[in-house]
Visitor: 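Provided herewith is a single structure, encoded as structure tokens, for subsequent inquiry.
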Amino acid sequence: MRVWAVANQKGGVGKTTTSIALAGLLADAGKRVVIVDLDPHGSMTSYFGHDPDSLEHSSFDLFQHKGAVPRGLPQQLLLPTSDERISLLPSSTALATLERQSPGQSGLGLVIAKSLAQLWQDFDHAVIDSPPLLGVLMVNALAASQQLVIPVQTEFLAVKGLERMVNTLAMINRSRQQALPYTIVPTLFDRRTQASMGTLRVLRNSYPDHLWPAYIPVDTRLRDASRAGLTPSTFDSNSRGVLAYRALLKHLLSQQIAAQVA
Ligand SMILES: Nc1ncnc2c1ncn2[C@@H]1O[C@H](COP(=O)(O)OP(=O)(O)O)[C@@H](O)[C@H]1O
Ligand SMILES: [Mg+2]
């Protein structure tokens, strides 16, 4: 199984959209995908028609055993989505109570890694949607993954958020054997605005080695897909947004092969 995390310490930058778009395209290619919602807001969970405010069982349950994960529990928590190849490990609002704990002291930093290890045979791919806060959940997402996708909204304030995320990553890398490879993905790009063009230029200058050279455009079809509860590529496989995400997936898969060879 390949595990990707999608993270940025900022909300509204396209994390959930990116997670679901990539998962949908992997499923279209015949892969079995588990998507993990670690954001207490539960947008990914709501996207597929489950209510994070009323779910009795969720990824929160995994954190209730002092850092151990009971055998079979991750499987029991999975919910269906509109795509038969995609299973959801849902979020619930209770997850918010974990955020305040210090990741180092709680011993809960590897709960998601251990949970995914139990799902290794059942899925080809995992995509983790992360919360916008640096806490136990973000640490879990990064510790469990082999590749990180950082969506960055192409507007002026976004670069600050990206700096914070890259600093967080440097801190996390100190406790990993190998640095976590990451790819910066410009999102919500609108070529008519100065903010979009200007931000793209800054990203190209500041992060040449980690920037995906294209961008995800503003595309209302992505919003329509979320309203319909369908993956973007099922909803409209030829929309501009989906074409961009298809190119992104190709790039991420090639990065992965490069990392394996190196
Ligand atoms: N490329 C895009 N074009 C148009 N709307 C988008 C695009 N990406 C995301 N959105 C919309 O913007 C909002 C925030 O996106 P979301 O993926 O939920 O961000 P995050 O998970 O980072 O908070 C959502 O309503 C989503 O449908
Ligand atoms: Mg989100």
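What you see below is based on every heavy atom in this structure, not just the backbone, and it leaves out hydrogens, waters and symmetry mates. For ligands, and for the atoms within them, numbers begin at 1 and follow the listed sequence.
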Visitor: Going by the side chain to side chain contact (heavy atoms under 4.5 Å, CB included) test, name the single residue among Val13, Leu211, Leu248, Leu203 that passes it with Val185.
Guide: Leu248
Visitor: Using modelled atom types and a 3.5 Å cut-off, is there a donor and acceptor pairing between side-chain atoms of Ser196 and backbone atoms of Asp190?
Guide: yes
Visitor: Measuring from Ser43:OG to Asp129:CG, what's the distance to the nearest 0.5 Å?
Guide: 7.0 Å
Visitor: Within this structure, what is the CE-CG distance for the pair Met138 and Leu169, rounded to the nearest 0.5 Å?
Guide: 10.0 Å
Visitor: Could you point out which residue of His57, His65, Gln64 forms a side chain to side chain donor-acceptor pair (under 3.5 Å) with Asp61?
Guide: His57
Visitor: If I take atom NZ from residue Lys160 and atom CD from residue Gln9, how far apart are they, to the nearest 0.5 angstrom?
Guide: 13.0 Å
Visitor: Contacts table for ligand 1: protein N or O within a distance under 3.5 Å of ligand N or O, distances only.
Guide:
| unit_1 | atom_1 | unit_2 | atom_2 | d |
| --- | --- | --- | --- | --- |
| ligand 1 | 1 (N) | Pro217 | O | 2.8 |
| ligand 1 | 3 (N) | Asp219 | N | 2.8 |
| ligand 1 | 3 (N) | Asp219 | O | 3.4 |
| ligand 1 | 5 (N) | Arg223 | NE | 3.2 |
| ligand 1 | 5 (N) | Arg223 | NH2 | 3.2 |
| ligand 1 | 17 (O) | Thr16 | N | 3.4 |
| ligand 1 | 17 (O) | Thr17 | N | 2.9 |
| ligand 1 | 17 (O) | Thr17 | OG1 | 2.6 |
| ligand 1 | 19 (O) | Gly14 | N | 3.0 |
| ligand 1 | 21 (O) | Lys15 | N | 3.4 |
| ligand 1 | 21 (O) | Thr16 | N | 2.9 |
| ligand 1 | 21 (O) | Thr16 | OG1 | 2.9 |
| ligand 1 | 22 (O) | Gly12 | N | 3.4 |
| ligand 1 | 22 (O) | Val13 | N | 3.0 |
| ligand 1 | 22 (O) | Gly14 | N | 3.1 |
| ligand 1 | 22 (O) | Lys15 | N | 2.9 |
| ligand 1 | 22 (O) | Lys15 | NZ | 3.0 |
| ligand 1 | 23 (O) | Gly12 | N | 2.7 |

Visitor: Return the CD to OG1 distance between Gln153 and Thr199, rounded to the nearest 0.5 Å.
Guide: 9.0 Å
Visitor: Mark yes or no for whether Gln75, through its side chain, and Leu119, through its backbone, hold a donor-acceptor pair below 3.5 Å.
Guide: no
Visitor: Sort by chain and number the protein N/O/S atoms that are closer than 2.8 Å to the Mg ion (ligand 2), and list them.
Guide: Thr16 OG1
Visitor: Within the 3.5 Å criterion, strictly below it, is a donor on Thr231 or Asp83 matched to an acceptor on the partner's side chain?
Guide: no
